[in-house]
Amino acid sequence: MNLVTATIVISALLSTILITVSFWLPQMNPDHEKLSPYECGFDPLGSARLPFSLRFFLVAILFLLFDLEIALLLPLPWGDQLSTPLMTFSWAFIILALLTLGLIYEWTQGGLEWAE
């Protein structure tokens, strides 16, 4: 058996086992919160003109900002194949330093505090 066939067989077998276990393993105890279309705590049948929590919005925006900027580091493993890998890692360090400084600034300004 060659390597490609073995990889396909192992992948198919592992997928089948995981699919089977995922149907048997979970506990089916639905409650009111899980049956609602929104699990975030908003009432879907209420008025759409209710005030929105600005704190929730800011935390969500901060999460998206830091999450998307981490995507800039995804091509980093290929950086060591360039002619100057030190330059690539320097830019990655600068990006991480800016993200860390931004996080520290938000933390000290109280932007990550959920409750007042």
Side-chain angles (χ1 to χ4, degrees):
M1 187 181 321
N2 61 10
L3 184 62
V4 174
T5 308
T7 304
I8 291 173
V9 168
I10 290 172
S11 298
L13 184 65
L14 185 62
S15 298
T16 306
I17 290 171
L18 289 175
I19 289 171
T20 306
V21 168
S22 72
F23 280 115
W24 285 337
L25 193 59
Q27 298 175 359
M28 296 296 189
N29 297 329
D31 58 351
H32 178 68
E33 294 294 324
K34 291 292 182 183
L35 292 177
S36 70
Y38 302 104
E39 293 183 20
C40 60
F42 295 114
D43 183 20
L45 302 176
S47 173
R49 301 289 179 199
L50 292 176
F52 188 72
S53 171
L54 187 62
R55 181 70 65 189
F56 178 77
F57 178 73
L58 287 176
V59 170
I61 292 296
L62 281 174
F63 172 76
L64 287 175
L65 177 75
F66 285 112
D67 194 40
L68 290 176
E69 288 189 8
I70 290 297
L72 294 173
L73 299 174
L74 288 177
L76 190 60
W78 290 278
D80 62 348
Q81 298 174 2
L82 297 174
S83 59
T84 57
L86 185 61
M87 185 68 153
T88 305
F89 293 121
S90 301
W91 281 108
F93 178 75
I94 290 171
I95 290 172
L96 283 175
L98 284 174
L99 284 175
T100 305
L101 288 174
L103 180 63
I104 291 170
Y105 177 75
E106 286 296 325
W107 196 345
T108 57
Q109 293 298 315
L112 301 176
E113 296 293 326
W114 189 259
E116 302 272 339

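Worth knowing before you read on, the calculation uses all heavy atoms, side chains too, and leaves out hydrogens, waters and symmetry mates. Owing to the predicted nature of the structure, the values given are computational and were not obtained by experimental measurement.
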Q: Treating Ile, Leu, Val, Met, Phe, Trp and Tyr as nodes and any side-chain heavy-atom pair under 4.5 angstrom as an edge, say whether Leu99 and Trp107 lie in one connected cluster.
A: yes
Q: Working to the nearest 0.5 Å, report the span between CZ of Phe93 and CG of Leu98.
A: 10.0 Å
Q: With Asn2, which residues qualify under side chain to side chain contact (heavy atoms under 4.5 Å, CB included), at least two apart?
A: Val4, Thr5
Q: Does Ser22 use its side chain to pair, donor to acceptor, with the backbone of Ile19 at less than 3.5 Å?
A: yes
Q: If you compare all heavy atoms of Thr20 against all heavy atoms of Thr16, which two are closest, and at what distance to 0.1 Å?
A: OG1-O, 2.7 Å
Q: In this structure, would Ile95 and Met87 fall into the same cluster of hydrophobic residues linked by side-chain contacts under 4.5 Å?
A: no
Q: Any idea which heavy atoms bring Ser90 and Leu86 closest together, and the distance?
A: OG-O, 2.7 Å
Q: Any chain of hydrophobic side-chain contacts (each under 4.5 Å) joining Leu13 to Val21?
A: yes
Q: Group every Ile, Leu, Val, Met, Phe, Trp and Tyr by side-chain heavy-atom contacts under 4.5 Å, then state whether Leu103 and Leu65 land in the same group.
A: no
Q: Verify the cluster assignment for Leu62 and Leu96: are they in a single hydrophobic cluster under the rule of side-chain heavy atoms below 4.5 Å apart?
A: yes
